[in-house]
Amino acid sequence: MEKNYIDKRDRIISSAIQIISERGMSSLTIRNLARQEHMPEEAIYRYFAGIDEILLEILMVQTKFDDSMIATVEARYTSHLDKAVGFIKLLVSYYSGYPELAAVSLHYEELLHNINIRDYVAGFIVKRKEYLCNEFASAIAENEIMDTFKPDELFNLYLGNILVEMLSRRIMNSENAFEDHLFSVIDKITNMIRIKSPM
């Protein structure tokens, strides 16, 4: 019984992500979820109190991915720049592999207007930014990278490129070379700011 409950909750979350990806945030309603899941509307309420709880669960999935990616780069890399870039590349791979969840990221602004979940949304975004900015600041302090850009500017430069490419991918309805293209851009930015060791 417990397993079926968990499976059904996961399926509802998956359907909610799919609705957001295909039809936008405003289409995420209990009625549309029930149709997608081929169940009566009242049955959704056995698993979730409402749409806000479902949205919070989706954001918690993304938080778990971020935590996992941070743990991975912390174990894998020693330099601060490599940790930051490693996290960013894992994020690109994540969005490349799960384009539906990437679509949710394009709705963060809208989610910030939801009074019931905005603190969680803001906290999630701030945590990601703080991690990367701390690594960039340490990379500057330890002469791994030039101080041409401030840490928050580097965050915007890297993450801005990812957001623009995710939006372009949706507009062009294309999955082609998303990851390869962004990896190339990330490497160009990184090579531009990295302090080269003297020969």
Side-chain angles (χ1 to χ4, degrees), residues 2-73 84 87-88 90-135 151-152 155-156 158-171 178:
E2 181 68 22
K3 184 179 187 312
N4 288 338
Y5 177 78
I6 294 169
D7 290 347
K8 180 55 81 171
R9 280 181 63 91
D10 288 346
R11 282 187 21 220
I12 292 168
I13 291 299
S14 179
S15 289
I17 292 168
Q18 187 176 357
I19 288 169
I20 293 168
S21 177
E22 292 175 0
R23 295 179 263 166
M25 190 66 69
S26 61
S27 294
L28 181 60
T29 64
I30 295 297
R31 175 175 288 166
N32 287 339
L33 261 177
R35 284 183 188 150
Q36 186 97 356
E37 283 295 304
H38 307 291
M39 61 194 300
E41 289 180 41
E42 57 271 14
I44 299 287
Y45 291 105
R46 284 190 217 142
Y47 303 97
F48 296 98
I51 292 297
D52 289 350
E53 187 179 343
I54 292 167
L55 287 170
L56 186 60
E57 191 83 19
I58 291 169
L59 292 166
M60 289 170 71
V61 167
Q62 292 193 307
T63 300
K64 287 177 191 171
F65 271 106
D66 268 26
D67 291 344
S68 175
M69 288 186 285
I70 289 171
T72 298
V73 298
F87 177 86
I88 292 163
L90 283 173
L91 191 60
V92 169
S93 294
Y94 165 61
Y95 286 147
S96 179
Y98 300 99
E100 296 83 9
L101 270 175
V104 173
S105 301
L106 295 173
H107 290 278
Y108 286 162
E109 167 65 23
E110 190 174 350
L111 291 170
L112 284 168
H113 294 286
N114 182 325
I115 193 167
N116 296 317
I117 61 171
R118 83 169 152 219
D119 288 345
Y120 191 91
V121 177
F124 167 74
I125 295 168
V126 166
K127 183 178 176 184
R128 181 182 283 179
K129 183 172 184 175
E130 283 179 348
Y131 175 75
L132 286 170
C133 285
N134 286 338
E135 292 303 332
D152 62 321
F155 174 84
N156 293 338
Y158 281 104
L159 274 290
N161 270 287
I162 295 171
L163 286 173
V164 168
E165 283 302 318
M166 286 192 308
L167 189 57
S168 295
R169 178 172 69 168
R170 291 186 64 76
I171 291 168
F178 173 78

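Keep in mind that this is a model prediction, so the values were computed, not measured. Counting begins at 1 with the first residue of the sequence. Every heavy atom of this structure was used, including side-chain atoms; hydrogens, water molecules and symmetry mates were not.
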Using side-chain contact (heavy atoms from CB on, under 4.5 Å) as the criterion, list what pairs up with Ile20, not counting sequence neighbours. Met25, Leu28, Leu55, Ile58, Val104, His107

If you define the side chain from C-beta out and look only at heavy atoms, does anything of Leu33 sit under 4.5 Å from Ile51? yes

When rounded to the nearest 0.5 angstrom, what distance separates [atom1] in [X] from [atom2] in [Y]?
X: Tyr120; Y: Gln62; atom1: OH; atom2: CD; result: 9.5 Å
X: Asp52; Y: Arg118; atom1: CG; atom2: CZ; result: 12.0 Å
X: Met166; Y: Leu159; atom1: CE; atom2: CG; result: 8.5 Å

Closest contact, heavy atoms only, [X] versus [Y]:
X: Tyr45; Y: Gly50; answer: CE2-CA, 4.2 Å
X: Phe48; Y: Ile54; answer: CG-CG1, 3.5 Å
X: Ala102; Y: Arg169; answer: CB-NH2, 3.6 Å
X: Ser96; Y: Pro99; answer: O-CD, 3.7 Å
X: Gln36; Y: Ile19; answer: OE1-CG1, 4.1 Å

Going through the checks in order, is the side chain to side chain contact (heavy atoms under 4.5 Å, CB included) test met by Asn114 and Val121? CA-CA 9 Å; Asn114 182 325; Val121 177; over 6 Å; no

Checking the side chain of [X] only, and the main-chain atoms of [Y] only, is there a donor and an acceptor separated by less than 3.5 Å?
X: Ser14; Y: Asp10; result: no
X: Ser68; Y: Lys64; result: no
X: Arg170; Y: Ser21; result: yes

Dump the intermediate steps for side chain to side chain contact (heavy atoms under 4.5 Å, CB included) on Val73 and Glu135, then the final yes or no. CA-CA 11 Å; Val73 298; Glu135 292 303 332; over 6 Å; no

Checking Phe124 now: which residues fulfil ring-ring contact (aromatic ring centres under 6.0 Å, His included) with it, not counting sequence neighbours? Tyr108

Across all chains, not counting sequence neighbours, the ring-ring contact (aromatic ring centres under 6.0 Å, His included) partners of Tyr158 are Phe136

Verify side chain to side chain contact (heavy atoms under 4.5 Å, CB included) between Lys8 and Arg46, making sure each step is shown before the conclusion. CA-CA 10 Å; Lys8 180 55 81 171; Arg46 284 190 217 142; over 6 Å; no

Worked verdict on Lys127 versus Asp67 for side chain to side chain contact (heavy atoms under 4.5 Å, CB included): CA-CA 10 Å; Lys127 183 178 176 184; Asp67 291 344; 2.6 Å; yes

Within a reach of under 6.0 Å around OH of Tyr94, are more than 12 heavy atoms found that belong to other residues, nucleotides or ligands? yes

